[in-house]
Amino acid sequence: MVKLDSISTEQSNRNTAHIDQLDTLSMVQLINREDQKVALAVEKVLPQVARAVDAICEKMSEGGRLVYCGCGTSGRLGVLDAVECPPTFGTDPGQVVGLIAGGPGAFVKAVEGAEDDFDLGRADLEDIGFSRKDILVGIAASGRTPYVRGAMEYARSLGAPVVAVTCCPGSPVDRLADIAIAPTPGPEVITGSTRLKSGTAQKMVLNMLSTASMIKLGKVYGNLMVDVKATNQKLLARTISIVRSAVPCTDQQAQAALEQCGWWAKPAILMVKCGVSAQSAQQLLERAGGRVSRAIELFEADESAS
């Protein structure tokens, strides 16, 4: 049996010992006060987050994948972060992968015992052809989950970098990682319910891992998501707005440029800003490694040279 008294996320919260006796407003105020501790806990581990982002960028820039693995809430958060990367940043679906113990069905319905299967973690990585070119992020609030440990040990055996996101510094998962990220927001409002503060802390860390990595990989220009996929009417309108925010122009000018380059904001921005054709904009982007700011610098250098 697991000894819960040795796991920090399982400790009782004295501040909420009588939460069941409070009126509704006082109850949610107390939950809110506890939640305010989460961002401060995450702030303390930002140096580790930054190291992880740099490691992720290194692997992804070389064609590797970012792979999340976890169980229960932790696994769902990893899957959620992974599936939101293609529509937000235009990544291929296979570039950021989320694995959850028990398979995709475990996202909506718990698969009993899956998290306790050490060998399943390795098997799931083998199934996706995980290699040393990739990077693994093991997510486990308690820092003990066998499934995650199994995946991490396999990744390490291949020579792949391994990151841990837990809420228990010094835990077994923490110790397996090359980079250990362990914010400690304190005992949960409801004892052991790590979908609360621990889940929020993990979500904040995963947001930073993917978002900062995508920024560094050129998926963002200024603070605009210039690789967004315009797959519905709202996103078509957003793409026009992105072009207009990046360079002064009318809706009609932005739409005309977008229509010439498949509704891709990056080359459309270059077309309007630099006054070049769609083909020339694409060529500039290729030379700049997909970075809009670098493409503008190259254009300006070419103009100066001529």
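Being a predicted model, the structure only gives us computed values, none of them experimental.
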Report task. Looking only at non-hydrogen atoms, find the nearest pair between Lys197 and Pro185 and report the distance. Result -> NZ-O, 2.9 Å
Query raised in the report: Does Phe118 share a hydrophobic cluster with Leu99, counting links as ILVMFWY side-chain heavy atoms below 4.5 Å and allowing steps through other members?
Result: no
Query raised in the report: Would one find more than 12 heavy atoms of other residues, nucleotides or ligands at under 6.0 Å from atom NZ of Lys273?
Result: no
**Report entry** Under 3.5 Å: donor-acceptor pair, side chain of Asn232, backbone of Lys234
**Finding:** yes
Report summary line: Hits for salt bridge (Lys or Arg N to Asp or Glu O under 4.0 Å) against Arg175, two or more places apart or cross-chain, chain-then-number order -> none
Please list, one pair per line, the donor and acceptor atoms closer than 3.5 Å that link side chains of residues 75-86 to other protein atoms, with sequence neighbours excluded.
{"from": "Arg76", "atom 1": "NE", "to": "Ala106", "atom 2": "O", "distance (Å)": "3.4"}
{"from": "Arg76", "atom 1": "NE", "to": "Phe107", "atom 2": "O", "distance (Å)": "2.7"}
{"from": "Arg76", "atom 1": "NH1", "to": "Gly72", "atom 2": "O", "distance (Å)": "3.4"}
{"from": "Arg76", "atom 1": "NH2", "to": "Ala106", "atom 2": "O", "distance (Å)": "3.0"}
{"from": "Asp81", "atom 1": "OD1", "to": "Ser210", "atom 2": "OG", "distance (Å)": "3.2"}
{"from": "Asp81", "atom 1": "OD2", "to": "Tyr68", "atom 2": "OH", "distance (Å)": "2.8"}
{"from": "Asp81", "atom 1": "OD2", "to": "Ser210", "atom 2": "OG", "distance (Å)": "2.9"}

Query raised in the report: Would a 4.5 Å heavy-atom cut-off, applied to side chains only, mark Met214 and Thr91 as touching?
Result: yes
Query raised in the report: Side chains of Gln282 and Glu286: is there a donor and an acceptor less than 3.5 Å apart?
Result: no
Report task. Evaluate the side chain to side chain contact (heavy atoms under 4.5 Å, CB included) criterion for residues Leu270 and Phe299: first the C-alpha distance (whole Å), next the side-chain angles of each, then the deciding distance (0.1 Å), finally the verdict. Result -> CA-CA 9 Å; Leu270 294 175; Phe299 173 78; over 6 Å; no
Report summary line: residues 178-194 vs salt bridge (charged side-chain N to carboxylate O under 4.0 Å, His left out), sequence neighbours excluded, gives Arg156-Asp178
Report task. State whether the number of non-hydrogen atoms from other residues, nucleotides or ligands found under 6.0 Å of Glu43 atom CD is greater than 12. Result -> no
**Report entry** More than 12 heavy atoms of other groups within 6.0 Å of Glu126 CD
**Finding:** yes
Query raised in the report: Got more than 12 heavy atoms from elsewhere within 6.0 Å of NZ, Lys229?
Result: no
**Report entry** Interatomic distance, Gln95 atom CD to Leu217 atom CG [nearest 0.5 angstrom]
**Finding:** 8.5 Å
Query - Nearest-0.5 Å distance that lies between atom CG in Leu224 and atom OG in Ser245 - result: 5.5 Å
Query raised in the report: In terms of heavy-atom contacts, does CD of Glu62 have more than 12 from other residues, nucleotides or ligands at under 6.0 Å?
Result: yes
